[in-house]
Asker: 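First, the structure itself, so that you have it in front of you.
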Amino acid sequence: MKKILIIHGPNLNLLGKREPEVYGSLSLDEINGRIKALAESKKVSVDIVQSNSEGEIVSIIGSSPGKYDAIVINPAAYTHTSVAIRDAISSTGLPTVEVHISNIYKREEFRRKSLIAGAATGQISGFGINSYLLGLLAAIDLVK
Ligand code: DQA
């Protein structure tokens, strides 16, 4: 069975409470439940992690080759700042889908630049929590 790693970046543990007008009212647990249900129906296995720490995310990505076939990541605020996460993704050689709940190109100027996009296979942005489900479908397609 193919294995896909889902990474939620900083502050996404606060989903549901955090700016619900931007990020919706579902909690991270509820979103993870939907991700797992989709994975089960598509017969892939998923591990899901959330971290507020850039270094921890870099380490998790760095140890993913050999364990996972693809990565789906919402790098959250690190999208706009982290060369280290970008380089970690490049180092894996794994298909990687960057996802964002909000449309980052419709928001403040500083969110319109993703340092991650150049290392990702592709990006999904702006479909609410469905961005994760679309991202997972894209990752499944890449590993099949
Ligand atoms: C986000 C967009 C980022 O700009 C922001 O810092 C986040 C969430 C999104 O999913 O829309 O934390 O990645």
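Starting from 1, each residue takes its place in the sequence as its number. For ligands, and for the atoms within them, numbers begin at 1 and follow the listed sequence.
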Asker: Can you confirm whether more than 12 heavy atoms, excluding those of E30, are under 6.0 Å from its CD atom?
Answerer: yes
Asker: Applying side-chain hydrogen bond (donor to acceptor under 3.5 Å, both in side chains) as the test, list every pair that has at least one member in residues 58-69; sequence neighbours left out.
Answerer: D47-Y68
Asker: Do you know which two heavy atoms are closest between T92 and I61, and how far apart they sit?
Answerer: CG2-O, 3.3 Å
Asker: Restricting to side chain to side chain donor-acceptor pair (under 3.5 Å), what partner residues turn up for R111, sequence neighbours left out?
Answerer: E108
Asker: Are the aromatic ring centres of H8 and Y132 under 6.0 angstrom apart?
Answerer: yes
Asker: The criterion is ring-ring contact (aromatic ring centres under 6.0 Å, His included); which residues satisfy it with Y78, sequence neighbours excluded?
Answerer: none
Asker: Which N or O atoms of ligand 1 sit under 3.5 Å from a protein N or O, and how far apart is each pair?
Answerer:
unit_1: ligand 1; atom_1: 4 (O); unit_2: H80; atom_2: NE2; d: 2.7
unit_1: ligand 1; atom_1: 4 (O); unit_2: R111; atom_2: NH1; d: 2.9
unit_1: ligand 1; atom_1: 6 (O); unit_2: A77; atom_2: N; d: 3.2
unit_1: ligand 1; atom_1: 6 (O); unit_2: R111; atom_2: NH1; d: 3.1
unit_1: ligand 1; atom_1: 10 (O); unit_2: N74; atom_2: ND2; d: 2.8
unit_1: ligand 1; atom_1: 10 (O); unit_2: I101; atom_2: N; d: 2.8
unit_1: ligand 1; atom_1: 11 (O); unit_2: I101; atom_2: N; d: 3.3
unit_1: ligand 1; atom_1: 11 (O); unit_2: S102; atom_2: N; d: 2.8
unit_1: ligand 1; atom_1: 11 (O); unit_2: S102; atom_2: OG; d: 2.6
unit_1: ligand 1; atom_1: 12 (O); unit_2: R18; atom_2: NH1; d: 3.1
unit_1: ligand 1; atom_1: 12 (O); unit_2: R18; atom_2: NH2; d: 2.9
unit_1: ligand 1; atom_1: 13 (O); unit_2: N74; atom_2: OD1; d: 2.8
unit_1: ligand 1; atom_1: 13 (O); unit_2: H100; atom_2: ND1; d: 2.8

